[in-house]
Amino acid sequence: MISINKVNQLYGGTQILWDLDLDIVPKSITCIMGRNGVGKTTLLKAIMGLLPIQNGEITMDNEALHKQSAERRAYAGIGYVPQGRDIFPMLTVEENLRIGLPVRKSKDIPEKIFELFPVLKEMLHRRGGDLSGGQQQQLAIGRALVLEPKVLILDEPNEGIQPNIVKQIGDVILKLNVEEGLTVILVEQKLGFARRVGKEFRLMEKGRIVAADKMENLNDELIKQYLAV
Amino acid sequence: MTKLLDWFSAGRTSGKYTLPFVVILLSITVLASAANLLLPQDSALYVSTYSITLLGKYLCYAMLALAVDIIWGYCGILSLGHGAFFALGGYAMGMYLMRQIGDRGVYSNPLLPDFMVFLDWKELPWFWLGMDQFWFAMLMAVIVPGLLAFVFGWLAFRSRVTGVYLSIMTQALTYALLLAFFRNEMGFGGNNGLTDFKEILGFDLQADATRVSLFLITAILLAGIFVLSQRILSSRLGKVTLAVRDAEARTRFIGYRTERYKVWLFVYSAVIAGIAGALYVPQVGIINPGEFSPINSIEIVIWVAVGGRGTLIGAIIGALLVNYAKTRFTAIMPDGWLFALGAMFVLVTLYLPKGLVGLYGQLTSKRGAKAKQEATS
Amino acid sequence: MSAFDQPLQGLRDTFRRDQVWPFLTPEQAKVDVANQMILYVEDLNLSFDGFKALNNLNLYVRDGELRCLIGANGAGKTTLMDVITGKTQCDSGTVYFGQNHNLLTKDEADIAQLGIGRKFQKPTVFEAQTVFDNLELSLKTDKRVLPTLLSRLSSSDIERINDVLAIIGLYGQRFMKAGALSHGQKQWLEIGMLLVSDPRLLLIDEPVAGMTAQETERTAELLTSLAGDRTVIVVEHDMEFVRSIARTVTVLHQGSVLAEGTMDQIQSNKDVIEVYLGEEADA
Amino acid sequence: ADTIKVGVLHSLSGTMAISETTLKDTVLMMVEEQNKKGGLLGKKLEAVVVDPASNWPLFAEKTRELLTQDEVDVIFGCWTSVSRKSVLPVIEELNGLMFYPVQYEGEESSKNVFYTGAAPNQQAIPAVNYLKDELGVERWVLAGTDYVYPRTTNKILEAYLKDMGVAEEDIMINYTPFGHSDWQSIVSDINKFGSAGKKTAVVSTINGDANVPFYKELGNQGISSEDIPVVAFSVGEEELSGLDTAPLVGHLAAWNYFQSVETEENEEFITQWKAFTKNPDRVTNDPMEATFIGFNMWANAVKDAGTTDVDAVEQAMIGQETPNLTGGIAVMNKNHHLSKPVLIGEIQDDGQFETVWETDGVVAGDAWSDFLPGSKDLIADWTDPVKCGNYNTKTKACSGQNY
Amino acid sequence: MNVILTLCLLLGALMPFSSAYAATGEASAQSASPMLVELTKTKLSKMPAVLEKLEAEGGDAYLPLFRTWLAGNLYYVKSDRTLVEKVGSGKQVTYQVMFSGESRPDITKKQVKKVKVNNKLRSLLRSVIARIQLTSENPKVREGAVRELLAKLDKNLIGILETLYVEEESRDVKAMMGTALSLFAASDKSNSQSVRLSAIEDLSESLENDVRNGLTKLTNDSNEAIAAAAEKALVSINQRVERYALVDQLFFGLSLGSVLLLASIGLAITFGVMGVINMAHGEMIMLGAYTTYVVQLMMPNHIDYSIWVAIPAAFLVSGLMGVLIERLVICRLHGRPLETLLATFGISLILQQLVRTIFSPLNRQVSTPSWMSGSLEINPVLSLTLNRLYILAFALLVFMALVLLLKKSSLGLNVRAVSQNRNMAKAMGVKTEWVDAMTFGLGSGIAGIAGVALSQLTNVGPNLGQSYIIDSFMVVVFGGVGNLMGTLVAAFTLGIANKFLEPTTGAVLAAILVLVFIILFIQKRPKGLFPQKGRAAE
Ligand SMILES: Nc1ncnc2c1ncn2[C@@H]1O[C@H](COP(=O)(O)OP(=O)(O)OP(=O)(O)O)[C@@H](O)[C@H]1O
Ligand SMILES: Nc1ncnc2c1ncn2[C@@H]1O[C@H](COP(=O)(O)OP(=O)(O)OP(=O)(O)O)[C@@H](O)[C@H]1O
Ligand SMILES: NC(N)=O
Ligand SMILES: [Mg+2]
Ligand SMILES: [Mg+2]
């Protein structure tokens, strides 16, 4: 589906991603894990096209993505839920959701989003920035789903979300994956959630992928080596 | 007191540009002054009085730019009205110089300046009283801008007026003053302002020695203010200032009354602007309401941006460079100089995001990076 | 009639026998915790354009306690903190810090100087300054203008900062610009800023969001160690974390307290399960 | 030097460029003409143009530059009084020579400046006389931009009108800021003031940019010249060229020159100007004539003195005579002001003025107004034995001059 | 029958039958009337006498002559002193023989000389024409004629008016005539006191200026009853006048407000919504004004329609310039809003100098279409100038169109999203570059349209933009950045405040007071009239 080949990325002078290789299996749920600051977010932004990469290539279905702008990637079918939510704060919830509609050439917000996150329907006319942190997180996921993406990128989607909704989000991801064949790239710190939802895992350290396997093979040793402080 | 001295001596370590800057500035001024006073006019090294006054003017502008940079570059308050403080300082000096004319005006009125005589004023307005005393006038040159800044800042910062709202209010302030000073009823000479000065502290303003002295004094004060500002900004207060610039609300949550910091910094900056104005007037020979014009204030901001915001040295370099460019351009291509100046502003913004000082930084860091690369490979 | 209510109430308050007149209370008087309570929140109401974010909220926190505050997204936890720290003005109610400080009459800086520190839900640090400077700014010092201008870092200050740097694991990054830190690192830095300011009451909004399990553990340890000398109020959605630190848990729902008790009591509370935890509490 | 340098100090940018650029071109044309005639004293003339950019301190700086860096022999320049005031100390300090070609408020006479524009008595007073005598005006609106020239002119006029027995309530004085553009209320006030049954006129010292919106508003509110005529001192052919003059026909201006005056000299001048600017529609105006006269006088004075030395030329200037473009001869008086005829014209729909009245002979420019209490006793006389720009005939003293 | 007879007699008295009357239709009247030749020979100062004789001689028949003369279009051929009328203007001038209307293409500018006219003469001509027009077919003209003559009533005229009054059918004209008769009756001392009093009574209904002047004179009448009655009538008239004056002031305020609105809407978009501190906004207005000038230059014979061409043209010119600026400069400054101040300031300098170079520093002449000139007269003391009225309507129209556009199209939503979080907007598939260019183009284009309107009111010169930039920023900020409604309210508030202050304080002080008011107001509402609310607005 998406494959990343020898990508290097720099912030100013400091290199964050080093010759990074990553293959995302179609219709899988890949969980990227690693300590704070290893470059997970940076990697996702590079995939989405929000950060320029120094060199290397990113392809999706064998088409080069890295030369395209972020908006083209959205049209190509990538949905992005950023870390920190990045809601449009002065737009209402409805407007936040409407932004993505032209990508799918539709006029109405799909009803399923409100089924998944009923609170959004309640708060339809409130400014996005006024929502509570968790509500914003739900909005961010809903907003990405409006694009009806083929690949959904989630950067720590459960940050600040109440437990029952965390569970619900997990269910949603699984459901979309199963029913609609959605490919998911998930950055997650909470092992429980990662184990429950993820099919594959990739461990990152210092800007490289250092381990990759099926989720069931994520053992304590790996965890100790790459996730413990 | 000892604490104060202590504090100052601690400043010596701060700012790597400080010492070189002060040395270069003062040596250039001293050399230029000597070249003007001691060398014969036909000597190749002779520096003309024209150049001296021009340089003096630039240094006043540099001081003004410094004032703007302190609150804009460091504290994030974009003042589009700093020309007002500059002009007020200038008017204080202008009033003193006007009173020094005494009965040597065209109407020989010992008390009233000429413009009052021909508009048929009978007595000196109260706010002109005392302005014949140098010390008093100089006090006013700092107090009036300072006080205005205090009142304005106190109102605005306490009500948490920020961002463009504040900028446009400062612009409204200077614009209102512009209109007010235009009014002849105000008693400041209306549109003509104050001019035709004769002497300062008994020294003939047209004498080369006086001009050179003024120039030297400006340079020394600029250096002094530079060092003082550098010291202030590298103290913890400077860090609070930056914090206010980047996240004011957050700064409040760790216990700083940001509005007070802003007010005092604003006042400090206004006082510097006032001093710059007071030094400017005897050197250019006129002060009039044009100095209050909002466009002038915008230009100051532009000098700072061209030089490099957030570095004191940048503000000074920007002021010197833009004004030098203006002088040269208006003489070389009187019909097209605005093209050149405009293009310069656009290009600097596009290609030197951190101003000229940033360019220096870029070059050195590139060189540094190269060196590192070579060392590692 | 109702037009007179407010001034009358004000008048009554002014002459309450149990209180010193507000204008006579010294600004920075010590926090009076004679009754063991450090925070009194009573009948707090706040609505935004008709939406009740806080609804007759009552909350008392003992001195030295570590209190967990949980509740559904949008329950009003952050808003409560906003009111306590002076960020948001409430419609009615009272908030007292100790018995003698009416927080509703004070602004953010005053409140901070009283010793109430806060970590925001979304980490906010001074991005243009180094990690070290961020901490220096947060030191517990005289924060008036002139003292700040004349102040210098004492060796004990430096020591303190270094200690905290070690605790938050950013010693290596101490001269890095805070803006260049990753999300999780900023979280830590913000905790560090809290620590270094040595507050009486800490309000911590979602500290472990984005942290790995081990880091979460460390945070838990840290917070537990802080309690006792200080009072800590933590908001978190990570139940495992809450369980590991909590003695008393308060559950907010739709702007008021839904339940309060030990973790076990809360976890078996039907209402809480329904609106918050979900059927099988997620690990 | 092998050339004679002529400094040109007119704003080419900023607010005053609108008026001053034309004068720069005029000087350039005069220099070119003079060079065609072989220059002066056997040397070619060379124009040095700088742009003081409507910035008053810059005027002083540029003057210093012209005098000390470029070492020019004469400067033609300035428009606004404030720019002149700014230049004055410098030109006196460095003993330069300047020609100032614009009508102004008077109250000045410098050894180093020759004033070839009109003094108030060469514009304002005759205009008021005309309105009073020919049109029977009894009620007066003195409207001006708020700065020194209008203020002084109106002070003089007010004193003059009161001397003639006009009552206080029959004079309305109104000042507006520079560039004032919303004239609705003021024009409406003027209209009301003029509807009291007495013939009313507006004496306008409104400056530059504010005029276009003012006249447009007059036209729109339907105030015609028969109802309330406006006589302006700062509106010439150039200003009118930016206006649709059809609704303004009949309003007046007082000048020493109109393009429409038919004389041979004028015709030649206009032809020259159109050729020089390569624009058959370019108009001429009064300050251009003042520049023309000033330039010719200077050239003659240099010839007479045989040198460009300022002191010599200054003395040679006094008594110089040169033909006006409107006929007759302009004379440079001892007070450095000219004697010139005064014309009053009505605006025509082609943007020109039709002369409707003119003085019998020339009027000598008066540096110090007889209608201001402070300057009644002052005279300017740059010949021996007085040699002073502000000589007090009562105290027999000359004040505040450095030379 | 009787009536006609009287009328004829009357007319006869007014203008004795002469050969001129009979000759009207013929080729030349001049052979018959030496007076007309006299016209070409007399000095301006002697002209009033000639005019008097002409009126007596030709009366009605000379009406075209008088009109042409008044308009300043009367010429005579130097060689044979034939009177001709100048037709057309500019380069398309032709001459027609007076009275016959015969076109004379053979005559050139050089061969004719103007029959001069000055203010005094114009005034006389107007009276003459009015006297003739008392019997015009058109009631409006008759009414105007009577009004014109109100200040010049004499016995003779009153006699005529009395007769005409009886016959008059139009109510308006009759009322006007009645006013004239009463005015005369009231001041005619030969009338009895009661007649005069009732006349004054009648006059107290009129708002005519001349009536007020007449009454004012009567307040000094030796007859105290008359003086008192006049005083009373004046008071009641003045009360009404003052009420209308208030309406007038309000209109001035709205009109100034509409100018401010027009000048700032564009900025409300480029600055308010996009966040670009657009110092070149004024120059976009200026470009619009110059476009109007160029359009008029290209269609000199269709000035009346030129505006309809100029509006879209100005929108395009300024809009394209805006797109150009955005693409070349602004787009590289994302995330650096303060730098846009510097760059756009540079651009504004360049644009100013550009028009100075292309069009010269002089003001350019933009004509007002005839349908926009003049005023809408509601009554003698209240008339609204048409151009202001149109501009007011136009400003509101542009405003509404813009609001609609931003509401209905996705552009409005997208641009707000982009300005709030560019990266996230991209990730949502928003073509940010296109949105930026279009929005900046839209804001600039609207500024261009404002230029078209302003060209009708003020100078079209290189400094045009400079004079509006400060006001525009003030309005946008006062209204609340990012809020179009705020811009609307702010513009009208400031306009009206200014115009209500001006009469008491004068223009300069009014401007200062308004500024001080804004400064103080912002202390109360630090985010303008309509602040952005909510947590994120902090
Ligand atoms: N804007 C920036 N400029 C410079 N360095 C940055 C910037 N943003 C991130 N970094 C650095 O890049 C590294 C990787 O950051 P990134 O945000 O990708 O980490 P992460 O793996 O997502 O961490 P976390 O789990 O905390 O979110 C960090 O060490 C951080 O310091
Ligand atoms: N300025 C505001 N305008 C309108 N509604 C607001 C505003 N601020 C907060 N709210 C609403 O108030 C409610 C409480 O928000 P708050 O942020 O306190 O929730 P929370 O308990 O912190 O939730 P979370 O756990 O998701 O962070 C939310 O529903 C939010 O939408
Ligand atoms: N002298 C003038 N017109 O300013
Ligand atoms: Mg991350
Ligand atoms: Mg919250």
Side-chain angles (χ1 to χ4, degrees), chain D residues 12-15 17-22 134-136 146 174-177 179-182 184-186 188-189 192 195-198 209-213 216-217 219-222 224-227 229 238-247 249-252 279 346 348-351 354 356, chain E residues 44 71-72 89 114 116-120 122-123 126 151 209-210 212-214 216-217 245 248-249 251-252 255-256 259 349 352-353 356 360-368 373-375 383 385-388 454 456-463 466-467 495 498-499 502-503 506-508 511:
Chain D
L12 310 179
S13 59
T15 47
I18 206 167
S19 304
E20 292 193 67
T21 313
T22 305
E134 303 286 318
L135 300 185
D146 193 2
N174 183 292
Y175 291 107
T176 39
H180 190 68
S181 64
D182 194 279
Q184 300 178 88
S185 320
I186 293 166
S188 151
D189 283 350
K192 284 191 196 115
S195 308
K198 289 184 183 169
D209 271 2
N211 274 308
V212 171
K216 286 201 170 177
E217 192 64 38
N220 281 317
Q221 294 199 16
S224 70
S225 57
E226 302 103 272
D227 306 330
E238 191 119 80
E239 283 75 14
L240 290 184
S241 72
L243 259 170
D244 179 7
T245 46
V249 171
H251 287 304
L252 304 139
N279 179 353
E346 281 186 6
Q348 303 298 299
D349 59 1
D350 59 357
E354 175 84 49
V356 291
Chain E
L44 203 48
S89 61
K114 184 168 177 176
K116 288 192 180 179
V117 58
N118 64 5
N119 279 322
K120 199 173 196 172
R122 272 190 215 101
S123 180
R126 282 215 318 215
N209 182 43
D210 291 320
R212 265 184 295 153
N213 288 338
T216 312
K217 276 198 195 108
D248 220 20
Q249 241 172 39
F251 175 70
F252 292 160
S255 154
L256 176 58
V259 169
L349 294 185
Q352 272 173 47
Q353 194 61 24
R356 225 173 252 138
S360 97
L362 301 180
N363 285 329
R364 299 286 92 180
Q365 174 186 334
V366 171
S367 315
T368 309
S373 330
S375 45
S383 50
T385 48
L386 277 178
N387 65 342
R388 298 264 178 188
L454 290 179
Q456 294 301 318
L457 296 177
T458 188
N459 299 293
V460 178
N463 299 327
Q466 294 271 302
S467 37
N498 204 314
K499 286 294 146 184
E502 207 178 289
V508 189

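Convention: sequence-line order gives letters A, B, ...; per-chain numbering from 1. Any value given below was found using the heavy atoms of this structure, including those in side chains, with hydrogens, waters and symmetry copies removed. Every value quoted in this text rests on a predicted model; they were computed, and no experiment measured them.
- Side-chain contact between D:Asn220 and E:Gln456: absent, with no pair of heavy atoms (C-beta onward) separated by less than 4.5 Å.
- Within the 4.5 angstrom heavy-atom criterion, only side-chain atoms of E:Asp248, from C-beta onward, approach chain D.
- In this structure, no portion of E:Ser383 lies under 4.5 Å from any heavy atom of chain D.
- D:Gln348 pairs by the side chain to side chain donor-acceptor pair (under 3.5 Å) definition with E:Lys114, not counting sequence neighbours.
- Interface remark: D:Glu346 contributes side-chain atoms only to the contact with chain E (heavy atom separation under 4.5 Å).
- Both the backbone and the side chain of D:Asp209 come within contact range of chain E, judged by heavy atoms closer than 4.5 Å.
- With values rounded to the nearest 0.5 angstrom, E:Ser467 atom OG is found 12.5 Å from D:His180 atom NE2.
- Heavy atoms of D:Glu217 lying under 4.5 Å from chain E belong exclusively to its side chain.
- When heavy atoms are compared at a cutoff of 4.5 Å, D:Leu243 approaches chain E solely by way of its backbone atoms N, CA, C and O.
- Atom NZ of D:Lys192 and atom CG of E:Asn209 lie 11.0 Å apart (nearest 0.5 Å).
- For the atom pair CG of E:Leu457 and CG of D:Asp182, the computed distance is 8.0 Å after rounding to the nearest 0.5 Å.
- Contact annotation for D:Ser19: neither backbone nor side-chain heavy atoms come within less than 4.5 Å of a heavy atom of chain E.
- The structure places CG of D:Asp244 at 6.0 Å from OG1 of E:Thr368, a figure rounded to the nearest 0.5 Å.
- In this structure, the portion of E:Asn213 lying under 4.5 Å from any heavy atom of chain D is its side chain and not its backbone.
- Heavy-atom distances place both the backbone and the side chain of D:Ile186 under 4.5 Å from chain E.
- Of the atoms belonging to D:Pro177, heavy atoms from both backbone and side chain fall under 4.5 Å from chain E.
- Here CG of D:Asn211 is found 8.5 Å from CG of E:Asn459. Values are rounded to the nearest 0.5 Å.
- Side-chain atoms of E:Asn463 and D:Thr15 form no donor-acceptor pair, as typed in the model, at a separation below 3.5 Å.
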Note to self: Would D:Glu354 and E:Val117 count as a side-chain contact (heavy atoms from CB on, under 4.5 Å) here? Give the steps.
What the structure shows: CA-CA 10 Å; D:Glu354 175 84 49; E:Val117 58; over 6 Å; no
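- For the atom pair E:Gln352 CD and D:Ser13 OG, the distance stands at 8.5 Å (nearest 0.5 Å).
- Neither the backbone nor the side chain of E:Gln466 comes within contact range of chain D; no heavy atoms are under 4.5 Å apart.
- With a threshold of 4.5 angstrom between heavy atoms, E:Thr216 does not approach chain D through any atom at all.
- For E:Val259, no part lies near chain D; criterion is any non-hydrogen pair under 4.5 Å.
- Ranking D:Ser224, D:Gly250, D:Ser188 against chain E, the residue ahead of the rest is D:Gly250, based on heavy-atom pairs under 4.5 Å.
- The contact between E:Arg356 and chain D is made entirely by side chain atoms (from C-beta outward), counting heavy-atom distances below 4.5 Å.
- Contacts between D:Val356 and chain E at a heavy-atom distance below 4.5 Å involve the side chain alone, from C-beta outward.
- By the 4.5 Å heavy-atom criterion applied to side chains, E:Asn118 and D:Glu134 are not counted as neighbours.
- Proximity to chain D is limited to the side chain of E:Arg388, based on heavy atoms less than 4.5 angstrom apart.
- Across D:Gly179, D:Ser181, D:Ala196, the residue that shares the most heavy-atom pairs under 4.5 angstrom with chain E is D:Ala196.
- Interface remark: E:Val508 contributes backbone and side-chain atoms alike to the contact with chain D (heavy atom separation under 4.5 Å).
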